[in-house]
Asks: 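Mind having a look at this structure? Questions to follow.
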Protein chains: 2
Amino acid sequence: MASQRGEGELTTTPLEPADRERARAIPEAAVARLAVYLRVLSGMVDQGVTTISSEELSQAAGVNSAKLRKDLSYIGSYGTRGVGYDVEVLVSHIERILGLTRKHSVAVVGIGNLGHALANYGGFPGRGFPVTALFDVDEDLVGVPVGGIPVNHIEDITTVCAEREVSIGVIATPPPAAQAVCDRLVSAGVQCILNFAPVVLQVPDNVEVRKVDLAVEMQILSFHVARRADEAANDLVNGIGVDGMVIRP
Amino acid sequence: MASQRGEGELTTTPLEPADRERARAIPEAAVARLAVYLRVLSGMVDQGVTTISSEELSQAAGVNSAKLRKDLSYIGSYGTRGVGYDVEVLVSHIERILGLTRKHSVAVVGIGNLGHALANYGGFPGRGFPVTALFDVDEDLVGVPVGGIPVNHIEDITTVCAEREVSIGVIATPPPAAQAVCDRLVSAGVQCILNFAPVVLQVPDNVEVRKVDLAVEMQILSFHVARRADEAANDLVNGIGVDGMVIRP
DNA sequence: CCGACTTTGTGCATGCGTTCACAAGCGGTA
DNA sequence: TACCGCTTGTGAACGCATGCACAAAGTCGG
């Protein structure tokens, strides 16, 4: 049983030593899944569910139950054998490990179609990620409010990010501008970047970049389409029908 | 050296037996990277580069050169020792393996902020992913052209997807609608789905789903912010300055 | 034609992540 | 209190992906 403590009395919410070591050791893949569990659990809370077993939760999250238990074990042992997990307890522990006890101010750079969508996206503020700054090069956009926030000129990134304590920068610019924008965000002290531009960003070691590349996602799907189509053709040649039934045994 | 053949004489472009086996064996992670290499290489072609070494390409793609060579070896041996790779040859082989020799018609469901952005996104058609159908529940949207394509009512998914030979469905609906939309796409014969809704979709085994979850991405970044902040606090306690310099040796 | 130099392709070791399988632990019941 | 059934937590085995290091294979200059 890890040390318990009151929460929310500090904005920075430092982790206990035991948790600190755990956080260091959590595999990247497990972190991504913890976020998914958290979302599923939040839904459970809304439905009035108070207790859940690893089997139920793993099904809802679309993973193997052993994996789920191992993932949860990375953040501590908060289940009750023979019963399951207390939903609210689990939620609060995952939130703590993911650093969601503190708000993370977000800046969106590039207010095109995607930037608009991101600025208006309701999922962010509701989950502790308020969008507090928008930037674009287009002078005509500067001052125009999008999703309730006026657009700033890209030249002002450094000062605006500093004064609004931006901790996450989202790049939604055209590809050629992405690296320059990234550099500016970094020099403004932003250490976490979510990149939607189809460009490989070069950043210093102390900056974390995650990329969302729609074209790559599509191409991965395309690969699977091709492989499937090809296997089907192959199977047909080998006497197996499209429904998996052997037509020429 | 794998068998060479003319390309483009068939819309379905079946793979040679040797390639077929390779495609089956390519690790998922490598497929994602191949898509990145392809994008970088396309940029090289535009710059007039004809030959590139694994070292140069790996740097541009942000990976280790050994990994790059291994990834390329999955699709065959098309390099020249002592010289490097012919850019155009590499492009055409990656395209073939990823199934990009054929167009993949895309349907976007849910024409909200994100759906608009996706429908207008220029990156898709340019890379062989023409958006050919849009759907929404909102009667007021039906018939309105977005990005040049009129919106259809969601009730017509099955027929429209079938007649336009949609092979990839993109879900950009609110979370509660996602599973129902997914089921409809599947019953319309769509086997590949890109899901932007923060929901775990349940699909049959023969359907491939990839998810893009912005909230999860943010939370992963949040985790890193927290870990970093915590390490910094820890280091400070242990007498190491924020710039990594030991202030209390 | 030969030797030096360059770069690919890959066998092998290492490390990480997933899965299995079961002991440990808890609640309920008599 | 003692037993029984259920579920967690985790050691251990396995499999996949990464990175190293080098032989194989090509180019280029003389």
Side-chain angles (χ1 to χ4, degrees), chain A residues 1-2 18-19 21-37 41 44 49-90 93-94 97 220 223, chain B residues 1-2 18-19 21-37 41 44 49-90 93-94 97 220 223:
Chain A
M1 189 77 70
D19 290 336
E21 270 179 53
R22 283 211 191 83
R24 232 186 275 276
I26 300 178
E28 187 74 18
V31 173
R33 286 191 298 267
L34 283 172
V36 175
Y37 305 152
L41 287 167
M44 297 288 174
V49 178
T50 58
T51 297
I52 193 166
S53 72
S54 64
E55 193 57 46
E56 295 170 284
L57 180 53
S58 68
Q59 288 228 338
V63 302
N64 172 311
S65 73
K67 195 190 288 187
L68 169 84
R69 288 200 300 277
K70 182 141 290 205
D71 287 345
L72 293 182
S73 80
Y74 290 130
I75 65 172
S77 306
Y78 303 112
T80 309
R81 292 168 195 236
V83 178
Y85 300 89
D86 181 292
V87 177
E88 290 194 22
V89 168
L90 216 46
H93 282 293
I94 296 177
I97 290 288
I220 294 170
F223 171 78
Chain B
M1 192 77 73
D19 290 336
E21 270 178 52
R22 284 211 190 84
R24 231 185 275 277
I26 301 178
E28 189 73 18
V31 173
R33 286 190 298 267
L34 282 172
V36 174
Y37 305 152
L41 287 167
M44 296 289 175
V49 178
T50 58
T51 297
I52 192 166
S53 73
S54 64
E55 193 56 47
E56 296 170 284
L57 181 52
S58 68
Q59 287 227 340
V63 302
N64 173 311
S65 73
K67 196 191 291 187
L68 169 84
R69 287 200 300 276
K70 184 145 291 204
D71 288 345
L72 293 182
S73 80
Y74 290 129
I75 66 173
S77 307
Y78 304 112
T80 308
R81 294 170 194 233
V83 178
Y85 300 89
D86 181 292
V87 177
E88 290 194 21
V89 169
L90 216 45
H93 282 293
I94 295 177
I97 290 288
I220 295 170
F223 170 79

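All of these numbers come straight from a predicted model, not from anything done at the bench. Below, chain A is the first sequence line, B the second, and so on; all start at residue 1.
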Asks: To the nearest 10 degrees, how far apart in direction are the end axes of the helix from dC1(C)-dG30(D) to dA30(C)-dT1(D), each fit to five base pairs?
Replies: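 Computed angle between terminal axes is 10°.
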Asks: Of the non-hydrogen atoms in Glu88(A) and Asp86(A), which two are nearest, and what is the gap between them?
Replies: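 So the two residues come closest at N-OD1, 3.0 Å.
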Asks: Name the first nucleotide and the last nucleotide along DNA chain C (5' to 3') that come under 4.0 Å of a heavy atom in chain B.
Replies: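 Contact boundaries, 5' end first: dT6(C) to dC12(C).
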Asks: Starting at atom CD1 of Ile52(A), determine the distance to atom P of dC6(D), rounded to an integer number of angstrom.
Replies: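 Computing the Ile52(A):CD1 to dC6(D):P distance gives 19 Å.
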Asks: What pairs with Glu55(A) under side-chain hydrogen bond (donor to acceptor under 3.5 Å, both in side chains), at least two apart in sequence or on another chain?
Replies: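 Ser65(A).
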Asks: Please evaluate residues Val31(B) and Tyr74(B) with respect to the criterion side chain to side chain contact (heavy atoms under 4.5 Å, CB included), reporting the C-alpha separation (whole Å), side-chain torsions for both, the decisive distance (0.1 Å), and the verdict.
Replies: CA-CA 10 Å; Val31(B) 173; Tyr74(B) 290 129; over 6 Å; no
Asks: Kindly write out the residues that satisfy side-chain hydrogen bond (donor to acceptor under 3.5 Å, both in side chains) with Ser58(A), not counting sequence neighbours, or none if the list is empty.
Replies: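 Ser58(A): no side-chain hydrogen bond (donor to acceptor under 3.5 Å, both in side chains) contacts found.
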Asks: Measure the distance from OH on Tyr78(B) to C1' on dG26(D) and round it to the nearest whole Å.
Replies: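 Those two atoms, OH and C1', are 18 Å apart.
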Asks: For a 4.5 angstrom cut-off between non-hydrogen side-chain atoms, does Leu34(B) reach Phe223(A)?
Replies: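 No, their side chains stay 4.5 Å or more apart.
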Asks: If you compare all heavy atoms of Val49(B) against all heavy atoms of Thr51(B), which two are closest, and at what distance to 0.1 Å?
Replies: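 In terms of heavy atoms, the two residues are closest at CG1-O, 3.3 Å.
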Asks: For residues 59-80 of chain B, pull every pair meeting salt bridge (charged side-chain N to carboxylate O under 4.0 Å, His left out), keeping only residues two or more places apart or in separate chains.
Replies: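 Listed by first then second residue: Arg33(B)-Asp71(B).
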Asks: Considering all heavy atoms of both residues, which atom of Ile26(A) and which atom of Ala30(A) are nearest to each other, and what is their separation?
Replies: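 What the structure gives for the nearest pair is CG2-CB, 3.9 Å.
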Asks: About how many Å separate OH of Tyr37(A) and CD1 of Ile52(A), when rounded to the nearest 0.5 Å?
Replies: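 So the CD1 of Ile52(A) and the OH of Tyr37(A) are separated by 12.0 Å.
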Asks: Under a 4.0 Å heavy-atom cut-off, which of residues 80-87 of chain A touch DNA chain C?
Replies: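 Thr80(A), Arg81(A), Gly82(A), Val83(A) - these, ordered by number, are the residues of the stretch whose heavy atoms sit under 4.0 Å from the strand.
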Asks: Near DNA chain C, under 4.0 Å by heavy atom, which residues of residues 59-69 of chain A?
Replies: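 Heavy-atom cutoff 4.0 Å gives Asn64(A), Ala66(A), Lys67(A), Arg69(A).
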Asks: Name the pairs: protein N/O against N/O of nucleotides 11-13 of chain D, kept only if under 3.5 Å.
Replies:
unit_1, atom_1, unit_2, atom_2, d
dG11(D), O6, Lys70(A), NZ, 3.4
dA12(D), N6, Lys70(A), NZ, 3.2

Asks: Leu57(A) versus Tyr85(A): any side-chain heavy-atom pair under 4.5 Å?
Replies: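 Heavy-atom side-chain distance check fails, nothing below 4.5 Å.
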Asks: How long is the gap from CG on Leu72(B) to CG on Leu90(B), to the nearest 0.5 Å?
Replies: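 The CG atom of Leu72(B) sits 5.0 Å away from the CG atom of Leu90(B).
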